[in-house]
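These notes are about the structure you will find just below.
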Protein chains: 2
Amino acid sequence: MAPTGWIRLVATRTGRDRDEVCPFHTPHPDGVFLMNDATDIRERFVAAAGEFTQALGYGRNIGQIFAHIYFSRDPQSLDNLTESLGISKGSASMSVRQLEQWGAVKHVWIKGERKDFYEACEDFGRIMRKALIDLVGRTTESADSLLTESETWLATKKKNGRTPADMDFLADRVKKIREFRNRAHYLWNSPLIRVLFK
Amino acid sequence: MAPTGWIRLVATRTGRDRDEVCPFHTPHPDGVFLMNDATDIRERFVAAAGEFTQALGYGRNIGQIFAHIYFSRDPQSLDNLTESLGISKGSASMSVRQLEQWGAVKHVWIKGERKDFYEACEDFGRIMRKALIDLVGRTTESADSLLTESETWLATKKKNGRTPADMDFLADRVKKIREFRNRAHYLWNSPLIRVLFK
DNA sequence: CAAGGCGTTCAATTTGAATTGAACACAAGG
DNA sequence: CCTTGTGTTCAATTCAAATTGAACGCCTTG
(Lines give C-alpha, C1' and ligand atoms only; values in the text may rest on other atoms or scores of the structure.)
Protein backbone atom coordinates (compact mmCIF):
# COMPACT_ATOMS: atom_id res chain seq x y z
CA MET A 1 0.00 0.00 0.00
CA ALA A 2 1.15 3.49 -0.76
CA PRO A 3 2.60 5.42 2.17
CA THR A 4 0.32 7.91 3.89
CA GLY A 5 0.98 10.99 5.98
CA TRP A 6 2.26 14.52 5.69
CA ILE A 7 4.74 15.03 2.89
CA ARG A 8 7.67 17.17 3.89
CA LEU A 9 10.50 18.35 1.64
CA VAL A 10 13.85 17.60 3.24
CA ALA A 11 17.07 19.24 2.09
CA THR A 12 19.95 16.81 1.54
CA ARG A 13 23.70 17.31 1.37
CA THR A 14 23.84 16.57 -2.32
CA GLY A 15 21.50 19.47 -2.98
CA ARG A 16 18.78 17.15 -4.19
CA ASP A 17 15.69 17.50 -2.01
CA ARG A 18 13.65 14.46 -1.24
CA ASP A 19 10.16 13.80 0.12
CA GLU A 20 9.67 12.42 3.57
CA VAL A 21 6.40 11.01 4.83
CA CYS A 22 5.57 11.70 8.48
CA PRO A 23 2.78 10.04 10.46
CA PHE A 24 -0.27 12.24 10.90
CA HIS A 25 0.03 12.63 14.64
CA THR A 26 3.37 14.42 14.36
CA PRO A 27 3.15 18.22 14.60
CA HIS A 28 2.18 19.18 11.07
CA PRO A 29 4.86 20.58 8.79
CA ASP A 30 2.54 22.43 6.38
CA GLY A 31 3.02 19.86 3.67
CA VAL A 32 0.85 18.22 1.07
CA PHE A 33 -1.18 15.32 2.30
CA LEU A 34 -2.12 11.86 1.04
CA MET A 35 -5.33 10.04 1.88
CA ASN A 36 -5.66 6.46 0.73
CA ASP A 37 -7.55 4.69 3.37
CA ALA A 38 -10.06 4.86 6.19
CA THR A 39 -7.36 4.89 8.85
CA ASP A 40 -5.95 8.04 7.22
CA ILE A 41 -9.10 9.93 8.06
CA ARG A 42 -8.81 8.81 11.64
CA GLU A 43 -5.24 9.99 11.82
CA ARG A 44 -6.05 13.31 10.25
CA PHE A 45 -8.77 13.91 12.78
CA VAL A 46 -6.41 12.84 15.52
CA ALA A 47 -3.91 15.45 14.39
CA ALA A 48 -6.56 18.15 14.04
CA ALA A 49 -8.07 17.42 17.45
CA GLY A 50 -4.61 17.56 18.97
CA GLU A 51 -3.98 20.97 17.49
CA PHE A 52 -7.42 22.09 18.57
CA THR A 53 -7.03 21.20 22.24
CA GLN A 54 -3.50 22.55 22.22
CA ALA A 55 -4.70 25.89 20.89
CA LEU A 56 -7.29 25.92 23.66
CA GLY A 57 -4.61 25.50 26.29
CA TYR A 58 -5.15 21.85 27.13
CA GLY A 59 -2.27 19.83 25.76
CA ARG A 60 -2.06 18.05 22.43
CA ASN A 61 -2.49 14.59 23.92
CA ILE A 62 -5.96 15.01 25.29
CA GLY A 63 -7.40 15.90 21.91
CA GLN A 64 -5.55 13.16 20.12
CA ILE A 65 -6.70 10.60 22.62
CA PHE A 66 -10.33 11.56 22.35
CA ALA A 67 -10.24 11.56 18.56
CA HIS A 68 -8.56 8.17 18.50
CA ILE A 69 -11.17 6.64 20.76
CA TYR A 70 -14.00 8.43 18.96
CA PHE A 71 -12.94 6.99 15.62
CA SER A 72 -12.34 3.49 16.96
CA ARG A 73 -15.05 0.91 16.64
CA ASP A 74 -13.86 -1.18 19.54
CA PRO A 75 -13.20 0.15 23.03
CA GLN A 76 -9.58 1.11 23.43
CA SER A 77 -7.10 0.30 26.19
CA LEU A 78 -4.28 2.50 27.46
CA ASP A 79 -1.87 0.29 25.56
CA ASN A 80 -3.72 0.95 22.35
CA LEU A 81 -3.35 4.65 22.95
CA THR A 82 0.34 4.63 23.78
CA GLU A 83 1.08 2.50 20.74
CA SER A 84 -1.11 4.25 18.21
CA LEU A 85 -0.33 7.78 19.28
CA GLY A 86 3.24 7.35 20.46
CA ILE A 87 2.58 8.89 23.86
CA SER A 88 3.58 7.83 27.32
CA LYS A 89 1.56 5.60 29.60
CA GLY A 90 1.44 8.26 32.30
CA SER A 91 0.04 10.87 29.98
CA ALA A 92 -2.51 8.45 28.58
CA SER A 93 -3.69 7.55 32.06
CA MET A 94 -4.09 11.15 33.21
CA SER A 95 -5.69 12.40 30.02
CA VAL A 96 -8.19 9.58 29.94
CA ARG A 97 -9.26 10.41 33.46
CA GLN A 98 -9.69 14.05 32.49
CA LEU A 99 -11.82 13.02 29.53
CA GLU A 100 -13.84 10.76 31.78
CA GLN A 101 -14.53 13.68 34.11
CA TRP A 102 -15.83 15.68 31.21
CA GLY A 103 -18.02 12.77 30.20
CA ALA A 104 -16.22 12.57 26.88
CA VAL A 105 -15.26 8.97 27.33
CA LYS A 106 -16.65 6.15 29.39
CA HIS A 107 -15.12 3.12 31.01
CA VAL A 108 -16.27 -0.27 29.73
CA TRP A 109 -15.39 -3.71 31.00
CA ILE A 110 -14.65 -6.57 28.68
CA LYS A 111 -15.00 -10.02 30.15
CA GLY A 112 -11.79 -11.98 30.37
CA GLU A 113 -9.72 -8.82 29.98
CA ARG A 114 -7.83 -7.26 32.86
CA LYS A 115 -7.19 -3.94 31.12
CA ASP A 116 -9.40 -0.87 31.31
CA PHE A 117 -11.18 -0.06 28.08
CA TYR A 118 -12.78 3.18 27.02
CA GLU A 119 -15.27 4.23 24.40
CA ALA A 120 -16.34 7.69 23.29
CA CYS A 121 -19.54 9.51 24.13
CA GLU A 122 -21.15 11.32 21.22
CA ASP A 123 -22.84 14.10 23.13
CA PHE A 124 -20.51 16.92 22.17
CA GLY A 125 -22.77 19.57 23.64
CA ARG A 126 -22.57 18.08 27.10
CA ILE A 127 -18.84 17.56 26.81
CA MET A 128 -18.20 21.16 25.82
CA ARG A 129 -20.37 22.37 28.65
CA LYS A 130 -18.52 20.30 31.23
CA ALA A 131 -15.15 21.43 29.95
CA LEU A 132 -16.30 25.05 29.99
CA ILE A 133 -17.66 24.79 33.52
CA ASP A 134 -14.32 23.37 34.51
CA LEU A 135 -12.38 26.22 32.94
CA VAL A 136 -14.68 29.04 33.99
CA GLY A 137 -14.91 27.78 37.53
CA ARG A 138 -11.17 27.61 37.99
CA THR A 139 -10.53 31.03 36.51
CA THR A 140 -13.45 32.80 38.14
CA GLU A 141 -13.52 31.96 41.81
CA SER A 142 -10.45 33.86 42.98
CA ALA A 143 -11.49 36.94 41.03
CA ASP A 144 -14.89 36.60 42.59
CA SER A 145 -13.64 36.76 46.14
CA LEU A 146 -11.47 39.75 45.28
CA LEU A 147 -14.54 41.52 44.01
CA THR A 148 -16.53 41.14 47.20
CA GLU A 149 -13.48 41.95 49.27
CA SER A 150 -13.03 45.22 47.43
CA GLU A 151 -16.69 46.08 47.76
CA THR A 152 -16.67 45.67 51.51
CA TRP A 153 -13.48 47.70 51.80
CA LEU A 154 -14.96 50.49 49.72
CA ALA A 155 -18.12 50.40 51.81
CA THR A 156 -16.21 50.90 55.07
CA LYS A 157 -14.24 53.76 53.54
CA LYS A 158 -17.48 55.40 52.57
CA LYS A 159 -18.82 55.01 56.07
CA ASN A 160 -15.79 56.87 57.37
CA GLY A 161 -16.92 59.73 55.23
CA ARG A 162 -13.74 59.99 53.23
CA THR A 163 -14.85 59.84 49.60
CA PRO A 164 -12.60 61.94 47.39
CA ALA A 165 -13.00 61.82 43.63
CA ASP A 166 -10.53 58.97 43.21
CA MET A 167 -12.57 56.81 45.51
CA ASP A 168 -15.71 57.52 43.57
CA PHE A 169 -14.03 56.57 40.34
CA LEU A 170 -12.76 53.36 41.88
CA ALA A 171 -16.15 52.49 43.30
CA ASP A 172 -17.75 53.08 39.94
CA ARG A 173 -15.33 50.79 38.15
CA VAL A 174 -15.76 48.06 40.71
CA LYS A 175 -19.49 48.42 40.38
CA LYS A 176 -19.25 47.98 36.60
CA ILE A 177 -17.35 44.77 37.08
CA ARG A 178 -19.92 43.58 39.58
CA GLU A 179 -22.72 44.25 37.11
CA PHE A 180 -20.99 42.32 34.37
CA ARG A 181 -20.20 39.45 36.69
CA ASN A 182 -23.79 39.19 37.85
CA ARG A 183 -25.11 39.30 34.34
CA ALA A 184 -22.68 36.66 33.19
CA HIS A 185 -23.48 34.47 36.15
CA TYR A 186 -27.19 34.81 35.51
CA LEU A 187 -26.83 33.90 31.85
CA TRP A 188 -24.57 30.99 32.59
CA ASN A 189 -27.11 29.46 34.95
CA SER A 190 -30.13 30.31 32.88
CA PRO A 191 -32.11 27.38 31.48
CA LEU A 192 -31.66 29.00 28.10
CA ILE A 193 -27.96 28.25 27.97
CA ARG A 194 -28.60 24.80 29.33
CA VAL A 195 -30.92 24.13 26.42
CA LEU A 196 -28.53 25.54 23.86
CA PHE A 197 -25.76 23.26 24.97
CA LYS A 198 -27.83 20.09 25.16
CA MET B 1 2.66 55.07 54.79
CA ALA B 2 2.66 51.39 55.64
CA PRO B 3 4.02 49.10 52.96
CA THR B 4 1.49 47.23 50.85
CA GLY B 5 1.64 44.02 48.87
CA TRP B 6 1.86 40.28 49.34
CA ILE B 7 3.60 39.28 52.54
CA ARG B 8 6.01 36.44 52.05
CA LEU B 9 8.03 34.68 54.76
CA VAL B 10 11.69 34.53 53.82
CA ALA B 11 14.15 32.20 55.54
CA THR B 12 17.41 33.86 56.60
CA ARG B 13 20.82 32.44 57.45
CA THR B 14 20.55 33.26 61.14
CA GLY B 15 17.47 31.06 61.33
CA ARG B 16 15.24 34.05 62.03
CA ASP B 17 12.60 34.38 59.33
CA ARG B 18 11.54 37.80 58.20
CA ASP B 19 8.63 39.21 56.25
CA GLU B 20 9.11 40.53 52.77
CA VAL B 21 6.57 42.65 50.95
CA CYS B 22 6.25 42.05 47.22
CA PRO B 23 4.38 44.30 44.77
CA PHE B 24 0.99 42.93 43.78
CA HIS B 25 1.87 42.35 40.16
CA THR B 26 4.49 39.74 41.03
CA PRO B 27 3.30 36.14 40.74
CA HIS B 28 1.47 35.68 44.01
CA PRO B 29 3.18 33.67 46.75
CA ASP B 30 0.06 32.59 48.65
CA GLY B 31 0.73 35.04 51.45
CA VAL B 32 -1.34 37.29 53.64
CA PHE B 33 -2.30 40.55 52.06
CA LEU B 34 -2.48 44.18 53.18
CA MET B 35 -4.86 46.76 51.78
CA ASN B 36 -4.38 50.33 52.92
CA ASP B 37 -5.16 52.45 50.00
CA ALA B 38 -7.05 52.87 46.76
CA THR B 39 -4.03 51.98 44.66
CA ASP B 40 -3.89 48.62 46.44
CA ILE B 41 -7.24 47.66 44.98
CA ARG B 42 -5.96 48.54 41.56
CA GLU B 43 -2.90 46.41 42.03
CA ARG B 44 -4.90 43.50 43.33
CA PHE B 45 -7.16 43.62 40.31
CA VAL B 46 -4.11 43.89 38.10
CA ALA B 47 -2.73 40.71 39.63
CA ALA B 48 -6.06 38.89 39.39
CA ALA B 49 -6.62 39.93 35.79
CA GLY B 50 -3.13 38.75 34.93
CA GLU B 51 -3.80 35.34 36.42
CA PHE B 52 -7.14 35.25 34.64
CA THR B 53 -5.82 35.88 31.16
CA GLN B 54 -2.90 33.58 31.80
CA ALA B 55 -5.24 30.75 32.77
CA LEU B 56 -7.16 31.40 29.56
CA GLY B 57 -4.03 30.97 27.49
CA TYR B 58 -3.32 34.60 26.68
CA GLY B 59 -0.30 35.74 28.65
CA ARG B 60 -0.22 37.48 32.01
CA ASN B 61 0.66 40.87 30.57
CA ILE B 62 -2.46 41.41 28.56
CA GLY B 63 -4.72 41.07 31.58
CA GLN B 64 -2.52 43.22 33.76
CA ILE B 65 -2.39 45.93 31.16
CA PHE B 66 -6.13 46.05 30.70
CA ALA B 67 -6.77 46.13 34.45
CA HIS B 68 -4.22 48.88 34.91
CA ILE B 69 -5.82 51.05 32.26
CA TYR B 70 -9.31 50.18 33.41
CA PHE B 71 -8.55 51.36 36.93
CA SER B 72 -6.73 54.49 35.84
CA ARG B 73 -8.60 57.76 35.73
CA ASP B 74 -6.33 59.31 33.16
CA PRO B 75 -5.43 57.78 29.82
CA GLN B 76 -2.21 55.79 30.10
CA SER B 77 0.86 55.79 27.89
CA LEU B 78 3.13 52.85 27.12
CA ASP B 79 5.66 54.32 29.51
CA ASN B 80 3.11 54.30 32.30
CA LEU B 81 2.52 50.63 31.64
CA THR B 82 6.15 49.57 31.54
CA GLU B 83 6.89 51.49 34.73
CA SER B 84 3.84 50.51 36.74
CA LEU B 85 3.76 46.88 35.72
CA GLY B 86 7.46 46.24 35.26
CA ILE B 87 7.04 44.85 31.77
CA SER B 88 8.95 45.49 28.57
CA LYS B 89 8.13 48.14 26.03
CA GLY B 90 7.75 45.57 23.28
CA SER B 91 5.26 43.53 25.21
CA ALA B 92 3.28 46.60 26.17
CA SER B 93 3.10 47.71 22.55
CA MET B 94 1.92 44.36 21.26
CA SER B 95 -0.56 43.71 24.04
CA VAL B 96 -2.12 47.12 23.72
CA ARG B 97 -2.68 46.54 20.03
CA GLN B 98 -4.31 43.21 20.78
CA LEU B 99 -6.59 44.89 23.33
CA GLU B 100 -7.41 47.56 20.81
CA GLN B 101 -8.44 44.91 18.30
CA TRP B 102 -10.79 43.44 20.86
CA GLY B 103 -12.19 46.88 21.51
CA ALA B 104 -11.10 46.66 25.12
CA VAL B 105 -9.06 49.80 24.94
CA LYS B 106 -9.16 52.85 22.75
CA HIS B 107 -6.57 55.26 21.54
CA VAL B 108 -6.91 58.87 22.70
CA TRP B 109 -4.87 61.88 21.72
CA ILE B 110 -3.78 64.46 24.24
CA LYS B 111 -2.87 67.83 22.81
CA GLY B 112 0.73 68.78 23.27
CA GLU B 113 1.72 65.16 23.97
CA ARG B 114 3.61 63.06 21.45
CA LYS B 115 2.94 59.75 23.17
CA ASP B 116 0.02 57.43 22.47
CA PHE B 117 -2.51 57.25 25.28
CA TYR B 118 -5.15 54.64 25.92
CA GLU B 119 -8.27 54.41 27.98
CA ALA B 120 -10.49 51.46 28.76
CA CYS B 121 -13.85 50.60 27.27
CA GLU B 122 -16.43 49.38 29.76
CA ASP B 123 -18.45 47.16 27.49
CA PHE B 124 -17.24 43.82 28.79
CA GLY B 125 -19.84 41.90 26.84
CA ARG B 126 -18.56 43.16 23.53
CA ILE B 127 -14.97 42.61 24.54
CA MET B 128 -15.58 39.01 25.53
CA ARG B 129 -17.41 38.38 22.31
CA LYS B 130 -14.61 39.76 20.18
CA ALA B 131 -12.02 37.78 22.07
CA LEU B 132 -14.10 34.63 21.70
CA ILE B 133 -14.64 35.16 17.99
CA ASP B 134 -10.91 35.53 17.68
CA LEU B 135 -10.17 32.30 19.52
CA VAL B 136 -12.93 30.23 17.97
CA GLY B 137 -12.09 31.42 14.49
CA ARG B 138 -8.44 30.51 14.79
CA THR B 139 -9.08 27.09 16.26
CA THR B 140 -12.00 26.13 14.05
CA GLU B 141 -11.15 26.87 10.46
CA SER B 142 -8.59 24.12 9.83
CA ALA B 143 -10.82 21.53 11.47
CA ASP B 144 -13.61 22.79 9.27
CA SER B 145 -11.81 22.17 6.04
CA LEU B 146 -10.80 18.71 7.20
CA LEU B 147 -14.43 17.93 7.81
CA THR B 148 -15.58 18.77 4.30
CA GLU B 149 -12.56 17.07 2.83
CA SER B 150 -13.42 13.86 4.64
CA GLU B 151 -17.01 14.06 3.59
CA THR B 152 -16.17 14.34 -0.09
CA TRP B 153 -13.68 11.50 0.21
CA LEU B 154 -16.26 9.30 1.89
CA ALA B 155 -18.81 10.21 -0.76
CA THR B 156 -16.54 9.10 -3.61
CA LYS B 157 -15.80 5.85 -1.81
CA LYS B 158 -19.48 5.22 -1.50
CA LYS B 159 -19.95 5.84 -5.21
CA ASN B 160 -17.38 3.17 -5.93
CA GLY B 161 -19.67 0.80 -4.13
CA ARG B 162 -17.12 -0.30 -1.58
CA THR B 163 -18.82 0.30 1.79
CA PRO B 164 -17.78 -2.29 4.33
CA ALA B 165 -18.83 -1.96 7.95
CA ASP B 166 -15.77 0.07 8.89
CA MET B 167 -16.64 2.66 6.30
CA ASP B 168 -20.16 2.92 7.58
CA PHE B 169 -18.92 3.45 11.09
CA LEU B 170 -16.52 6.12 9.92
CA ALA B 171 -19.18 7.88 7.90
CA ASP B 172 -21.51 7.86 10.88
CA ARG B 173 -18.93 9.41 13.16
CA VAL B 174 -18.05 12.10 10.64
CA LYS B 175 -21.74 12.80 10.24
CA LYS B 176 -22.11 13.27 14.01
CA ILE B 177 -19.32 15.79 13.98
CA ARG B 178 -20.92 17.61 11.10
CA GLU B 179 -24.20 17.82 12.96
CA PHE B 180 -22.57 19.27 16.01
CA ARG B 181 -20.55 21.72 13.98
CA ASN B 182 -23.63 22.95 12.16
CA ARG B 183 -25.60 23.32 15.35
CA ALA B 184 -22.75 25.20 17.01
CA HIS B 185 -22.34 27.44 14.00
CA TYR B 186 -26.03 28.19 13.89
CA LEU B 187 -26.13 29.07 17.57
CA TRP B 188 -23.04 31.19 17.36
CA ASN B 189 -24.52 33.30 14.61
CA SER B 190 -28.02 33.41 16.00
CA PRO B 191 -29.29 36.81 17.08
CA LEU B 192 -29.97 35.24 20.45
CA ILE B 193 -26.32 34.92 21.32
CA ARG B 194 -25.70 38.37 19.96
CA VAL B 195 -28.24 39.76 22.36
CA LEU B 196 -26.88 37.81 25.29
CA PHE B 197 -23.41 39.18 24.82
CA LYS B 198 -24.41 42.79 24.33
C1' DC C 1 19.88 67.87 8.56
C1' DA C 2 21.02 66.11 12.99
C1' DA C 3 19.27 64.53 17.34
C1' DG C 4 16.17 62.72 20.31
C1' DG C 5 11.68 60.68 21.48
C1' DC C 6 8.52 57.21 20.45
C1' DG C 7 6.36 52.89 18.78
C1' DT C 8 7.34 48.54 16.33
C1' DT C 9 9.60 44.32 15.20
C1' DC C 10 11.62 39.90 15.80
C1' DA C 11 15.32 36.76 17.19
C1' DA C 12 16.86 35.24 21.65
C1' DT C 13 15.55 34.14 26.10
C1' DT C 14 12.64 32.95 29.83
C1' DT C 15 8.80 30.88 31.79
C1' DG C 16 5.07 27.92 32.74
C1' DA C 17 2.77 23.96 31.45
C1' DA C 18 2.62 19.52 29.10
C1' DT C 19 4.84 15.31 28.77
C1' DT C 20 7.78 11.70 30.06
C1' DG C 21 9.33 7.58 32.46
C1' DA C 22 11.02 5.29 36.40
C1' DA C 23 9.27 3.97 40.77
C1' DC C 24 5.29 2.55 43.01
C1' DA C 25 0.85 0.25 44.48
C1' DC C 26 -2.45 -3.01 43.76
C1' DA C 27 -4.69 -7.19 42.10
C1' DA C 28 -4.71 -11.74 40.13
C1' DG C 29 -2.73 -16.21 39.21
C1' DG C 30 0.38 -19.54 39.79
C1' DC D 1 4.86 -15.92 48.61
C1' DC D 2 6.64 -14.60 44.37
C1' DT D 3 5.76 -13.14 39.68
C1' DT D 4 3.42 -10.83 36.24
C1' DG D 5 0.34 -7.49 34.31
C1' DT D 6 -2.15 -3.49 35.35
C1' DG D 7 -2.95 1.71 36.30
C1' DT D 8 -1.13 5.74 39.01
C1' DT D 9 2.02 9.20 40.68
C1' DC D 10 5.28 12.84 40.55
C1' DA D 11 9.94 14.73 40.00
C1' DA D 12 12.66 15.61 35.96
C1' DT D 13 12.54 16.94 31.36
C1' DT D 14 10.97 18.86 27.17
C1' DC D 15 8.46 21.92 24.60
C1' DA D 16 5.68 25.73 23.02
C1' DA D 17 4.37 30.15 23.93
C1' DA D 18 5.04 34.49 26.34
C1' DT D 19 8.25 37.93 27.21
C1' DT D 20 12.29 40.52 26.59
C1' DG D 21 15.39 43.98 24.66
C1' DA D 22 18.38 45.63 21.17
C1' DA D 23 17.96 47.34 16.62
C1' DC D 24 15.17 49.74 13.55
C1' DG D 25 12.16 53.29 11.28
C1' DC D 26 9.41 57.16 11.60
C1' DC D 27 8.20 61.53 13.06
C1' DT D 28 9.00 65.94 15.34
C1' DT D 29 11.67 69.65 16.69
C1' DG D 30 15.46 72.57 17.02
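Chain identifiers are assigned alphabetically (A, B, ...) following the order of the sequence lines, protein sequences preceding nucleic acid strands; residue numbering begins at 1 within each chain.
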Can you check nucleotides 3-7 of chain C for protein contacts, nitrogen or oxygen pairs under 3.5 Å, and list what you find?
residue : atom : partner  : partner atom : Å
C:dG7   : OP1  : B:Asp116 : N            : 2.9
C:dG7   : N7   : B:Lys89  : NZ           : 3.1
C:dG7   : O6   : B:Lys89  : NZ           : 3.2

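The side chain of A:Gln54 sits closest to D:dA17 out of D:dA17, C:dT20, D:dT19.
In this entry the distance linking CD1 of B:Ile62 with P of D:dT19 reads 9 Å, nearest Å. Regarding B:Gln98, its CD atom lies at a distance of 13 Å from the P atom of C:dT8, rounded to whole Å. Between the CD atom of B:Glu51 and the C1' atom of C:dG16 there is a distance of 13 Å, given to the nearest Å. In this structure, A:Leu85 atom CG and C:dA18 atom P are separated by 18 Å, rounded to whole Å. Distance, A:Met94 CE to D:dA11 P: 13 Å, rounded to whole Å. Taking atom CZ of A:Arg138 as the reference point, atom C1' of C:dA17 lies 12 Å away to the nearest angstrom. In this structure, A:Gln64 atom CD and C:dT19 atom C1' are separated by 12 Å, rounded to whole Å. The CD1-C1' distance, from B:Ile87 to C:dT15, rounds to 16 Å in whole Å.
If you check the side chains of B:Ser95 and B:Asn61, you find no donor sitting under 3.5 Å from an acceptor. Checked by atom type, the side-chain pair B:Arg181/B:Thr140 shows no donor-acceptor distance below 3.5 Å.
Side-chain N/O atoms of A:Arg97 include none lying less than 4.0 angstrom from OP1 or OP2 on D:dG7. Considering only side-chain N and O atoms, B:Arg60 lies under 4.0 angstrom from the phosphate OP1 or OP2 of C:dG16.
With sequence neighbours left out, the side-chain contact (heavy atoms from CB on, under 4.5 Å) criterion links A:Asp168 to A:Thr163.
Ionic pairing of A:Arg173 and B:Glu122 is present here: one or more N-O contacts between side-chain nitrogen and carboxylate oxygen are shorter than 4.0 angstrom. For B:Arg178 and B:Glu151, the salt-bridge test passes: some basic side-chain N is under 4.0 Å from an acidic carboxylate O.
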*So B:Ser150 and A:Phe45, side chain to side chain contact (heavy atoms under 4.5 Å, CB included) or not? Walk me through it.*
CA-CA 9 Å; B:Ser150 306; A:Phe45 272 104; 3.4 Å; yes
_Test side chain to side chain contact (heavy atoms under 4.5 Å, CB included) applied to A:Asp74 and A:Phe117, step by step_ = CA-CA 9 Å; A:Asp74 308 317; A:Phe117 287 85; over 6 Å; no
